[in-house]
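Sequence lines set the chain letters: A, B, ... in the order given, protein chains first and strands last, and positions in each chain run from 1. When reading the values below, keep in mind they use all heavy atoms of this one structure, side chains included, and skip hydrogens, waters and symmetry mates.
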Number of protein chains: 2
Amino acid sequence: MSRREEAKEFNRARIRAAAEDIIRRDGIAQLSMRRLAEQADVSLRTPYNLFGSKADVLIALLDEAECQLSPLADMYPASSAIARLLGTLAGIETFFAHDEEYFRGIYAAIMTSDHHGAREAGVGRTITTAQQMVARAAAQGELRADTDTAALGRYCGIALLAVLGMWGSGFLSISQCIAQTRRTWLAALLHHASEQTRAGLLDAYYETCGKGDANDR
Amino acid sequence: MSRREEAKEFNRARIRAAAEDIIRRDGIAQLSMRRLAEQADVSLRTPYNLFGSKADVLIALLDEAECQLSPLADMYPASSAIARLLGTLAGIETFFAHDEEYFRGIYAAIMTSDHHGAREAGVGRTITTAQQMVARAAAQGELRADTDTAALGRYCGIALLAVLGMWGSGFLSISQCIAQTRRTWLAALLHHASEQTRAGLLDAYYETCGKGDANDR
DNA sequence: TAAAATATTGACACGCATTATAAATATATT
DNA sequence: AATATATTTATAATGCGTGTCAATATTTTA
């Protein structure tokens, strides 16, 4: 990395740190570009040079955190592809829950910005991941062979993203949000489960929404 | 209505009309309070006096339209409570689809505003409606008697609202959005269906996501 | 009809994200 | 060491939603 790039990365880090500090100290509403520049000790223009926009700064903050999120998916024993799917969901909850207000603020700010590009990238990534996981489940015989894994994965990804939006708006806590998604995923997966996985999924479904709430045993 | 109230209502109508005109002509991004005031031929302050905020103007636009939405739910034959649930969904699609970009802009703008009160009211109303419809289905024996209708209705309402958010963000068309919701509703309802409704629901489910995509017959 | 209550207006200000411009400064290349 | 290039800086400007407040117009009340 050239000295020029080093200096840029140093400034980027300072700006990220200042942004995080402001959000943690006074809340996302207090994060303005002027204050950010002042606290990071750079000019107003610099964050625009180095990130692009306010939303891009926040996206960088989220990306930084997601480096810590990825290993979390592996935290749960991937005894099966479907267990891995559900484990990822649990990992998301664990990760966001330990710092819920901080992440909610960032997520909401990104979502309410008119910065379409970055959002679409995140949506695409989530859907692709979901599709891959569903495809693996089918490949391992946990779902019936004729399952349209692309459609089912897309359905699951969208369900997660949609409900995360309600988390960002403050209507659901992250745990409510994950419970809702889990229920949606399980209900859908159950319709495609192969014989040997069906019973286990039913148990998981009961666990999510209560025995009295599901009775198709 | 006193003459004073008449004048206010007249101005309100002019402002609504101007807002609609700007949105239709140049898109929601061009709707600023300054331009709105100019086009409605009132002062910049007047929309604030008469509505409260920009978001309130948009909410008024949506409310105005929703008067036409309500009868749509009755458009579909309510042969059963569940048919009525699904019919309402179809009604929402029909209504928004005939003017998709116009409504999408308004919806997105309201959702991305920090006007929490009105949004919460809308969310509450949707969830309550869903709960009532699910309760009616249970009362008529279409769902098993031990179904937790409050939880299931809430689940369905949130699923709809969450996906509508993705419509507002531009990630889904209204028809994709309704298809996703329909699938979620059907998958959940199927787990609570009584014997005599189960077969019909399965058919509806197939219709939504394709035969190859659901195979638990 | 005079007085009081109320609504609208106008000109202003604030803080916001973002962009433009040009000067100053650091780095890279020759 | 001199030149060329990239980046940051300072400053100002644009347009945005919203707020203040006094002045003015209109309606209601006495």
Query raised in the report: With ring centroids as reference points, do B/Phe171 and A/His116 lie under 6.0 angstrom apart?
Result: yes
Requested in this report: Round to the nearest Å and state the distance from A/Asp114 atom CG to D/dC16 atom P.
Outcome: 13 Å
Query raised in the report: Does the side chain of A/Thr147 come under 3.5 Å of the side chain of A/Thr149 through a donor N or O and an acceptor N or O?
Result: no
Report task. May I ask you to say what B/Leu36 touches in the nucleic acid, namely base, sugar-phosphate or nothing, with a heavy-atom cut-off under 4.0 Å? Result -> nothing
Report task. Round to the nearest Å and state the distance from B/Gln30 atom CD to D/dT14 atom P. Result -> 18 Å
Report summary line: From CZ of A/Arg3 across to C1' of D/dT5 the rounded distance in Å is 15 Å
**Report entry** Interatomic distance where CZ belongs to B/Phe51 and P belongs to D/dG17 [whole Å]
**Finding:** 15 Å
Requested in this report: Round to a whole Å and report the spacing from CZ of A/Arg34 to P of D/dA12.
Outcome: 13 Å
Requested in this report: State, to 0.1 Å, how close B/Thr126 and B/Gly157 come at their nearest heavy-atom pair, and which atoms those are.
Outcome: CG2-O, 4.3 Å
Query raised in the report: Over how many whole Å does the gap from A/Ile15 atom CD1 to C/dA17 atom P extend?
Result: 14 Å
Requested in this report: Return yes if a side-chain donor-acceptor contact under 3.5 Å exists between B/Thr46 and B/Asn49, otherwise no.
Outcome: no
Report task. Please report, rounded to the nearest Å, how far the P atom of C/dG15 is from the NZ atom of A/Lys54. Result -> 15 Å
For nucleotides 6-10 of chain C, which of its nitrogen or oxygen atoms have a protein nitrogen or oxygen under 3.5 Å away, and what is each distance?
unit_1 : atom_1 : unit_2  : atom_2 : d
C/dT6  : O2     : B/Arg4  : NH2    : 2.9
C/dA7  : OP1    : B/Lys8  : NZ     : 3.2
C/dT9  : OP2    : B/Ser43 : N      : 3.2
C/dT9  : OP2    : B/Thr46 : OG1    : 2.1

**Report entry** Short side-chain N/O contact from A/Ser2 to OP1 or OP2 of C/dA28, under 4.0 Å
**Finding:** yes
Requested in this report: Test the B/Arg183-A/Tyr155 pair against the cation-pi criterion, namely NZ or CZ under 6.0 angstrom from the six-membered ring centroid and within 45° of the ring axis.
Outcome: yes
Query - Between D/dG19 (C1') and B/Tyr48 (OH): distance, integer Å - result: 9 Å
Query - Over-ring placement of A/Arg104 relative to A/Phe96, 6.0 Å and 45° cut-offs - result: no
